[in-house]
Amino acid sequence: MDTTGEVSAREAEVLALLGERLSNAEISARLFISVRTVESHVSSLLRKFDAPDRRALAQRAVGAVGAAGAAVPGVPARSGAASRPAPDLPRPLTAFVGRVAECAELAGLIRTHRQVVAIGPGGVGKTRLALAVAAQAAEDFPDGVWFVDLVPVSEPGMVGAAVAAALGVGEQPGLRLEDSVTTALAGRRALLVLDNCEQVRDGVAPFLERLLGACPRLSVLATSRARLMVPFEQVYTVPPFSLAGGGDSDAVALFASRTAAVGWAPDPSQRERVVEVCERLDGMALAIELAAARLPTLGLDGITAALSDPLRMLTGGSRADDRHRSVRAALDWSHALLEPDDQLLLRRISVFVAPFTARAAAEVSGSDVGVVADGLARLAEQSLLTVTASSSATAYRTPETIRLYGTERLAAVGELAGARLRHLRWSLTAAAALAVTGSDRRARFDTVADDLRAALTWAAEQPDQRADACRLARHLAQAAFTRQLIGESQRRYEQAAGLTDSPSTAAEMLRHAAAVAGCRMHGDDMHRLRREAAEAARRSGDLGSAAHDLATAAADAYRFSSKFAQPLPPKEASALITEARELAGEDPAARAAVALAEAGRMLTEAFAAEQPVEDAAAGTIAAAERAVALARRTSDPLAESAALDTLVGAQSWAGDAFAAAATARRRAALLESLPDTPAATHELIEALGEATEASLGTGDLPGARRWARRLADHPLLTEVGHRATSALLVTGALAGDVEDVLTVSGRFLEGWQRAGRPTGSVLGPAAAGVAMIHGLRGDDEARHAWDTVSRQLGGSPWETYGYGAIFEALVLLHRGRPQEALERMTPGPDAVWRWVTWTWLHWYTALRSEAAVLARSPDARDHVTEARAAVAGNPIASALVERADALLTGDRERLLATAAAFDAADCRYQSARTMALAGGEHTVRGEAALADLGLAPMGTGR
């Protein structure tokens with residue numbers, strides 16, 4: 001570690017969480033600091049530990065520790081100042097030599113072009129040159145420099161995931177991972193270095209075209225053996241090390257630098273022979289380094305003699321081809337000098353695309369681990385491997401040019417298929433082991449994931465390996481879901497479905513994929529996959545399962561309509577139900593699913609009605625209860641949860657808030673002990689949100705806050721801080737917990753900005769609640785800013801007549817403007833039932849009665865009487881109505897009694913307000929309590 005900079009306490013916390021393989025957003029949520037601040041700490045740690053990249057820093061953490069937008073007033077600066085980030089670049093093990101002119105030329109291109117590609121044959125030194133130039137140019141990119149090694153990427157579609165991992169960006173439900181990367185880099189003056197693009201050029205080109213189009217201040221420096229063929233590409237051909245100057249050339253300096261590492265430096269009399277070696281190697285960096293590594297065993301004479309014959313064979317062809325063949329000849333020469341066992345080992349480990357351990361190499365090479373460890377050490381001594389030691393295990397990696405050479409040698413001797421097959425067997429074992437839970441689960445996934453993907457890519461193309469490919473795809477899908485790589489999880493489940501010859505297995509995989517799509521908030525994918533599962537089940541002859549899938553597709557269209565790009569047409573949903581009913585027969589699960597879909601249709605039609613109809617309400621509840629009863633008979637908690645969800649909606653629509661809350665709690669409790677499968681996770685997240693809202697609707701603030709906290713802490717929502725904290729902000733605002741609201745609102749705002757400022761009424765109450773808190777604080781600038789956020793989220797009748805009216809009325813009442821509050825809530829509950837029935841009916845009714853009393857409305861008594869009956873059983877709303885009645889009659893004793901009721905209901909703001917309304921010394925105490933909460937004094941105007 002760099003002794004010039006000690007690790008601060010905050011950096012130690014960040015380092016520990018990096019060891020858990022958390023993303024920047026996850027660390028931000030744990031430590032209550034901004035994502036930008038996390039990035040700054042990571043950059044500092046990279047410098048202090050001299051770590052090559054984020055993954056290496058995470059590995060070292062075990063031993064060491066045992067895109068925000070414009071600021072919004074009222075969001076406190078989160079702890080830790082975000083300083084200028086250091087370039088996130090690998091630290092090569094050897095010194096960078098020469099290349100002064102090349103660095104200047106390439107740096108000049110980066111300053112004037114947003115997309116620069118450094119091209120050249122393998123071994124010419126593209127990567128080292130790009131790293132040097134990126135480090136030198138870091139001052140020109142104040143928002144960061146990141147390096148992405150694409151060698152381990154075996155599929156074009158995984159390019160965005162590799163970039164996200166390098167940036168510390170996790171996947172946000174509702175966005176593709178590539179879109180998360182775009183939002184993270186949008187507006188930043190930053191540099192992205194993409195290394196070894198040639199093997200996934202078909203993925204790099206479209207990714208860069210979208211990224212550069214959406215991020216106008218971003219620049220990209222790529223290395224590749226060939227052009228990427230992207231718009232506005234500026235190509236720089238990387239030359240070999242210069243031979244000009246004879247003994248003072250860059251090529252000779254490189255040779256001398258590498259031999260100095262093994263304790264040898266040529267004297268002046270040997271300079272000419274060093275020049276000859278470098279000339280015969282055409283100045284190719286890798287060839288020079290391989291030759292230098294042989295100096296201790298061969299000496300300069302031996303190297304000169306060994307190089308003479310092979311390289312004299314290089315005649316004809318262009319100079320560029322000669323240089324490429326110079327590297328090939330040097331590799332052939334270096335390989336020929338190895339012992340046969342080491343040659344075999346070098347060939348067989350070439351199937352690994354990522355760092356590997358000696359034990360993994362032993363399994364794939366078919367040798368004893370001790371023998372393999374000795375062989376790996378010898379290969380490293382000859383610069384054919386790089387070695388990284390950590391507290392957990394020593395990792396080896398084959399440089400890409402050498403790895404490709406090893407793969408060619410495997411093919412030449414007829415061993416490639418056998419090596420790939422052993423690699424596949426190792427991958428299956430490693431993938432199965434990922435199912436074991438533990439705190440190191442993420443680290444274990446990250447260590448092997450790239451090789452699992454590479455093995456799957458190969459196996460999927462081998463007709464004889466389809467069964468194993470299907471198994472590997474399934475294991476990878478499960479592990480990716482646990483790792484919160486939900487886009488990849490869905491894709492792997494779909495891949496598994498396409499690899500199996502069993503229609504029933506395909507149906508199972510497609511159901512899992514549909515559940516993951518639901519977690520991703522991709523309703524259209526969820527619907528498509530359910531219908532594909534139905535077709536697969538039908539092909540297998542399982543008509544009951546086909547009916548279940550069709551009915552579930554219809555029910556999900558009703559239950560999760562907000563996740564669809566466009567609502568499913570009613571005729572299409574009805575046709576699905578009809579078909580499912582015809583296929584269901586006596587199958588219990590299918591009949592339960594059909595009943596659920598039918599109840600969902602009835603509820604959707606009921607909500608579309610202009611006015612609630614009592615008979616329709618009773619019929620909808622009865623249909624939902626029948627669906628619950630049938631689901632319970634299947635002993636499937638997920639089926640029962642879905643039916644309970646529909647019952648909650650029916651009870652809420654009918655105005656029975658307490659029954660709805662009880663059903664919502666029952667549903668959440670049912671799901672608590674289930675394993676973290678995609679389907680269970682999808683249900684649980686929805687259930688937690690539903691339980692929070694239902695508890696709010698009945699005045700159970702402590703319960704609502706418990707559910708909201710569980711929702712905020714769910715791992716799947718960490719990357720979408722606005723969704724995770726939305727319910728927590730609403731409950732905190734209504735309780736009057738100012739400090740919590742101000743702290744959490746920062747995460748909400750940053751998450752919303754990182755997600756691209758999505759609209760949606762589900763987020764509206766949170767923004768309105770934060771605006772209300774600032775209104776109670778007397779901070780009109782911050783209130784206006786949050787009102788702007790609320791409007792950007794999208795206006796709706798729920799904002800006009802529901803939560804918006806309630807939060808605005810609370811501020812108006814606090815400021816002593818009850819007449820305006822009453823006007824804001826002029827429509828009676830029966831006129832706005834559709835927008836207040838769910839969460840806000842009791843709050844609306846109770847506050848409306850208080851506004852009428854304080855405004856001295858002539859019908860205030862009628863308001864109070866009506867409200868008392870409507871909110872009976874709700875402790876907070878009942879206390880609000882009781883306080884209004886006490887104010888109307890001038891009964892101070894009854895008025896003061898409501899303070900205790902508010903305290904018992906965890907509503908500190910209303911308790912303090914009660915005291916302030918009571919007059920005399922009570923008002924003094926009430927104003928002091930308001931000040932303790934961080935709120936402004938109440939206005940007059942009763």
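Along the sequence shown, residues carry numbers from 1.
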Worksheet item: Going by heavy atoms in the side chains, are T183 and Q172 under 4.5 Å from each other?
Response: yes

Worksheet item: Side chains of L734 and F807: does their closest heavy-atom pair fall under 4.5 Å?
Response: yes

Response to the item:
Hits for side-chain contact (heavy atoms from CB on, under 4.5 Å) against A680, two or more places apart or cross-chain, chain-then-number order -> L638, L674, T677

Discussion item. Tell me if a side-chain donor or acceptor on S561 pairs with a main-chain N or O of A557 at a distance below 3.5 Å.
Written reply: no

Item to complete: Without swapping roles, check the side chain of S28 against the backbone of N24 for a donor-acceptor pair under 3.5 Å.
Response: no

Worksheet entry | Identified side chain to side chain contact (heavy atoms under 4.5 Å, CB included) counterpart of L550 within the set L583, V594, I577 | L583

Item to complete: Over all heavy atoms of both residues, which pair between T718 and A29 is shortest? Give the atoms and the distance, please.
Response: CG2-CB, 4.1 Å

Item to complete: Output, in order, the C-alpha distance, side-chain angles, deciding distance and verdict of side-chain contact (heavy atoms from CB on, under 4.5 Å) for H522 and H527.
Response: CA-CA 9 Å; H522 289 201; H527 184 74; over 6 Å; no

Discussion item. A side-chain contact here means heavy atoms from C-beta on lying under 4.5 Å apart; do V516 and Y493 qualify?
Written reply: yes

Fill in: Sequence-distant partners of R633, side-chain contact (heavy atoms from CB on, under 4.5 Å), two or more places apart
L630

Worksheet item: Do R601 and E598 come within less than 4.5 Å of each other through their side chains, counting heavy atoms only?
Response: yes

Discussion item. Evaluate F207 against T182 for side-chain contact (heavy atoms from CB on, under 4.5 Å), listing each step before the verdict.
Written reply: CA-CA 10 Å; F207 172 77; T182 299; 5.8 Å; no

Worksheet item: Which heavy atom of A186 sits nearest a heavy atom of A214, and at what distance?
Response: CB-O, 4.3 Å

Worksheet item: When you look at R442 and Q484, which way does the side chain to side chain donor-acceptor pair (under 3.5 Å) test go after all the steps?
Response: CA-CA 10 Å; R442 286 189 171 194; Q484 273 76 64; 2.6 Å; yes

Item to complete: Applying salt bridge (charged side-chain N to carboxylate O under 4.0 Å, His left out) between E686 and each of R667, R723, K563, report the one that passes.
Response: K563

Worksheet item: Does T663 use its side chain to pair, donor to acceptor, with the backbone of A659 at less than 3.5 Å?
Response: yes

Worksheet item: Taking the inter-plane angle between the rings of W786 and F748 on a 0 to 90° scale, is it parallel (under 30°), tilted (30 to 60°) or perpendicular (over 60°)?
Response: tilted

Worksheet item: Nearest 0.5 Å, what's the CZ-CG distance between R530 and D549?
Response: 5.0 Å

Practice prompt. Please report the closest heavy-atom contact between L671 and A687, naming both atoms and the distance.
Written response: CD1-CB, 3.6 Å

Worksheet entry | Heavy-atom side-chain proximity of F32 to R747 below 4.5 angstrom | no

Discussion item. Quick check for you: to the nearest 0.5 Å, what is the distance between T646 atom OG1 and L596 atom CG?
Written reply: 4.5 Å

Worksheet entry | Minimum heavy-atom distance T800-A805, with the two atoms named | O-CB, 3.7 Å

Discussion item. The test is side chain to side chain donor-acceptor pair (under 3.5 Å); show your working for S180 and E719 and say whether it passes.
Written reply: CA-CA 9 Å; S180 296; E719 297 293 336; over 6 Å; no

Worksheet item: Under the side chain to side chain donor-acceptor pair (under 3.5 Å) criterion, do E683 and S641 qualify, and how do the steps go?
Response: CA-CA 7 Å; E683 283 290 321; S641 168; 2.5 Å; yes

Practice prompt. List in chain and number order the residues that pass side-chain contact (heavy atoms from CB on, under 4.5 Å) with R441, two or more places apart in sequence or in another chain; answer none if no residue qualifies.
Written response: T437, R444, T482

Practice prompt. Establish, from distance only, whether the side-chain atoms of T788 and R791 form a donor-acceptor pair under 3.5 Å.
Written response: yes

Worksheet item: Taking atom CD of E532 and atom CG of L529, what is their separation to the nearest 0.5 Å?
Response: 5.5 Å

Worksheet item: What do the steps show when you test V789 against W752 for side-chain contact (heavy atoms from CB on, under 4.5 Å), and what is the final call?
Response: CA-CA 10 Å; V789 172; W752 179 63; 3.9 Å; yes

Worksheet item: For F564 and D556, which heavy atoms make the closest approach, and how far apart are they?
Response: CE1-O, 4.0 Å

Discussion item. Please give me the minimum heavy-atom distance between E178 and G157, naming the atom from each residue.
Written reply: OE2-O, 3.7 Å

Worksheet entry | Residues R528, E494: salt bridge by 4.0 Å N-O rule | yes

Worksheet item: Of R520, R176, R453, R483, which meets salt bridge (charged side-chain N to carboxylate O under 4.0 Å, His left out) against E488?
Response: R453

Practice prompt. Decide yes or no for T725 and L717: does some side-chain heavy atom of the first lie under 4.5 Å from some side-chain heavy atom of the second?
Written response: no

Discussion item. If we ignore hydrogens and angles and just use 3.5 Å, is the side chain of D525 paired with the main-chain N or O of A517 as donor and acceptor?
Written reply: no

Discussion item. Using the rule given for side-chain contact (heavy atoms from CB on, under 4.5 Å), can you reason through L452 versus L434, listing the C-alpha separation, both sets of side-chain angles and the distance that settles it, and then say yes or no?
Written reply: CA-CA 11 Å; L452 302 188; L434 294 176; 3.9 Å; yes

Worksheet item: Looking at CG of L711 and CG of L716, how far apart are the two atoms once the value is rounded to the nearest 0.5 Å?
Response: 10.5 Å

Worksheet item: Any donor-acceptor pair under 3.5 Å linking the side chain of S489 with the backbone of I486?
Response: no

Worksheet item: So, S502 versus T500: side-chain donor-acceptor pair below 3.5 Å or not?
Response: no

Item to complete: Mark yes when over 12 heavy atoms from residues, nucleotides or ligands other than Y558 sit less than 6.0 Å from its OH; otherwise mark no.
Response: yes

Worksheet item: Which value, rounded to the nearest 0.5 Å, describes the distance between M521 atom CE and M526 atom CE?
Response: 10.0 Å

Practice prompt. Could you tell me whether R710 and E672 make a salt bridge, using a distance below 4.0 angstrom between a side-chain N and a carboxylate O?
Written response: yes

Fill in: Over 12 non-hydrogen atoms of neighbours within 6.0 angstrom of CD in Q566
no

Worksheet item: Are E693 and T731 side-chain neighbours, meaning at least one heavy-atom pair lies under 4.5 Å?
Response: no

Fill in: Heavy-atom check, side chain of T759 versus side chain of Q792, under 4.5 Å
no

Practice prompt. Just say parallel, tilted or perpendicular for the rings of F658 and H842, cut-offs at 30° and 60°.
Written response: tilted

Worksheet entry | Nearest-0.5 Å distance that lies between atom CG in L644 and atom CD in E625 | 10.5 Å

